K.L.:
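Pasting a structure below so you can have a look.
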Protein chains: 2
Amino acid sequence: MATDSATRGAHTRTRLLDAAVQLIVEEGWGAVTTRKMADRAGVRAGVVHYHFGTVTDLLVDAALDALRRELMAALGVLREARDASAGIADLLAVLQGYSPEDPATVLMSETLLASTRIERLRSELSGLMRELRGAMADWLRARDSVPDPEATAAVLGAALDGLVLHCLLDPELRTTSLAGPLTRLTGTEETPDDTDRDGTR
Amino acid sequence: MATDSATRGAHTRTRLLDAAVQLIVEEGWGAVTTRKMADRAGVRAGVVHYHFGTVTDLLVDAALDALRRELMAALGVLREARDASAGIADLLAVLQGYSPEDPATVLMSETLLASTRIERLRSELSGLMRELRGAMADWLRARDSVPDPEATAAVLGAALDGLVLHCLLDPELRTTSLAGPLTRLTGTEETPDDTDRDGTR
DNA sequence: GTTCGTATTGGGCGAATGACCAAACGGTAG
DNA sequence: CTACCGTTTGGTCATTCGCCCAATACGAAC
């Protein structure tokens with residue numbers, strides 16, 4: 001029953017990673033400190049510098065791990081949709097359904113900004129995003145005859161990212177139906193969604 | 001020639017505001033400190049708390065002032081364009097022409113994130129963005145027959161915002177032609193821009 | 001020239017920070 | 001039982017933080 005010391009170490013390691021993600025979201029990348037993470041993970045401050053050489057190392061690992069999981073899940077939502085407009089509507093519903101301080105998006109934005117100043121983070125996150133963009137382009141290509149899948153995927157991804165950020169700022173935006181313009185982005189006609197109120201020409 | 005003490009005070013006040021904006025961009029909102037701002041402004045640390053009660057107050061004032069100027073300038077670029085696709089192309093050209101660490105955009109993102117945790121910043125920035133969105137919707141309404149101006153303006157603004165964030169991460173994205181999908185967003189046909197390489201259906 | 005008010009100086013406070021380390025702990029293997 | 005090793009403890013280190021304040025500089029008003 002007693003836990004192996006190695007597995008126990010792995011456990012506190014993941015607890016530290018979780019604590020780091022929570023704190024990045026709650027207080028911002030720059031405000032996360034050794035002691036806050038240690039407190040939340042229920043360990044002493046010294047443990048942080050045992051498992052991770054530096055606070056920055058811990059933050060980078062934590063953010064990348066969490067974002068990889070989150071982005072792959074979002075991709076899964078897209079994949080199981082019937083066509084482009086349905087997929088976008090589904091994704092929008094998920095995003096707009098988030099609470100005011102949606103953890104995933106704040107984490108994404110915080111990490112994006114931090115990557116401006118941490119090279120390892122920038123390169124790894126850049127690779128992750130490129131992978132995601134490629135998958136989204138493939139998805140667009142397969143389902144419908146979207147004109148320029150690569151560029152469309154880039155704009156679509158950026159739009160969704162920016163949209164949640166703007167919704168964070170102005171909750172009223174959340175109630176507007178945005179599916180129309182977004183599906184128009186894909187160049188496909190058809191707006192079968194319920195939340196759609198405009199004629200879309 | 002000797003300056004009035006009141007105008008001298010106003011001068012160092014704006015120098016502090018400028019220093020704050022620079023430091024937010026360079027090191028991130030959370031890493032800006034009293035002494036760094038004072039150093040860059042060429043004054044002693046005590047001055048900061050003479051002109052501004054709190055470091056946060058200084059940061060909020062500085063970010064809002066700078067963003068107001070920047071966003072209004074961007075709106076001017078839009079206004080003097082002939083039609084929707086031309087305006088979007090112009091704006092994209094400006095954004096993609098920025099250097100890797102474009103001050104205006106990083107500032108925007110930093111402020112957006114900080115507004116999650118500072119209520120005064122959130123409400124004022126939210127008002128500013130709503131004003132901008134309204135102006136963009138008016139512009140869309142006047143130039144072309146865009147289906148749903150309000151929602152389209154929201155998505156367009158978010159897309160541009162998110163796009164620059166993504167370009168920050170992956171400079172290679174900057175070289176892709178994104179005007180096609182973006183103009184498609186407006187529902188108008190016509191892609192007269194030079195950097196356009198796709199058939200757009 | 002004296003007074004007055006704003007602007008600025010320079011020092012200092014307690015608290016918090018990142019980093020580091022010697023010692024103790026607790027299973028596992030010999 | 002003993003030796004070993006990954007893990008954790010509890011603390012120290014120099015540094016930096018936001019904020020405060022008494023003293024000073026200096027042009028304007030009298």
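Since the structure is predicted, the reported quantities are computational estimates derived from the model, not experimental observations. Naming convention: chains lettered A, B, ... in sequence-line order (proteins, then strands); numbering from 1 in each chain.
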K.L.:
In whole angstroms, how far is the P atom of C:dC13 from the CZ atom of B:Arg35?
P.N.:
13 Å

K.L.:
To the nearest Å, give me how far apart CZ (A:Phe52) and C1' (C:dG18) are.
P.N.:
16 Å

K.L.:
Under a 4.5 Å cut-off applied to non-hydrogen side-chain atoms, are A:Arg15 and A:Val47 in contact?
P.N.:
no

K.L.:
How close or far is atom P of C:dA16 from atom CD of A:Glu27, stated in whole angstroms?
P.N.:
13 Å

K.L.:
When the nearest nucleotide of DNA chain C is assigned to A:Val47 and to B:Gly42 on a heavy-atom basis, which residue is associated with the more 5' position?
P.N.:
B:Gly42

K.L.:
Measure the CE-CD distance between B:Met108 and B:Glu70 for me, rounded to the nearest 0.5 Å.
P.N.:
11.0 Å

K.L.:
Give the rounded distance in Å between these two atoms: CG of A:Leu16 and P of C:dG18.
P.N.:
13 Å

K.L.:
Within this structure, what is the NE2-to-P distance between B:His11 and C:dT8, rounded to whole angstrom?
P.N.:
10 Å

K.L.:
Whole-Å distance between C:dA16 P and A:Met37 CE?
P.N.:
17 Å

K.L.:
Can you find a side chain N or O atom of B:His51 that sits less than 4.0 Å from OP1 or OP2 on C:dT8?
P.N.:
yes

K.L.:
For D:dG18, does either OP1 or OP2 sit under 4.0 Å from a side-chain N or O belonging to B:Thr34?
P.N.:
yes

K.L.:
Main chain of B:Ala154, side chain of B:Arg133: is a donor-acceptor contact present, judged purely on distance under 3.5 Å?
P.N.:
no

K.L.:
How close or far is atom P of C:dT17 from atom CG of A:Leu58, stated in whole angstroms?
P.N.:
15 Å

K.L.:
Would you check if the side chain of A:Thr54 reaches a backbone N or O of A:Asp57 as a donor-acceptor pair within less than 3.5 Å?
P.N.:
no

K.L.:
Quick check on D:dC20: is either OP1 or OP2 less than 4.0 Å from any side-chain nitrogen or oxygen of B:His49?
P.N.:
no

K.L.:
Among A:Glu110, A:Glu27, A:Glu26, whose salt bridge (charged side-chain N to carboxylate O under 4.0 Å, His left out) with B:Arg117 holds?
P.N.:
A:Glu110

K.L.:
Ignoring backbone atoms, test whether B:Tyr50 places a side-chain nitrogen or oxygen under 4.0 Å from the OP1 or OP2 oxygen of C:dT8.
P.N.:
no

K.L.:
Does the side chain of A:Arg44 get closer than 4.0 angstrom to OP1 or OP2 of D:dT8 through an N or O atom?
P.N.:
no

K.L.:
Check whether any side-chain nitrogen or oxygen of A:Thr54 sits under 4.0 Å from OP1 or OP2 of C:dG18, and answer yes or no.
P.N.:
no

K.L.:
Using whole Å, report how far CG of B:Asp39 lies from C1' of D:dC17.
P.N.:
14 Å

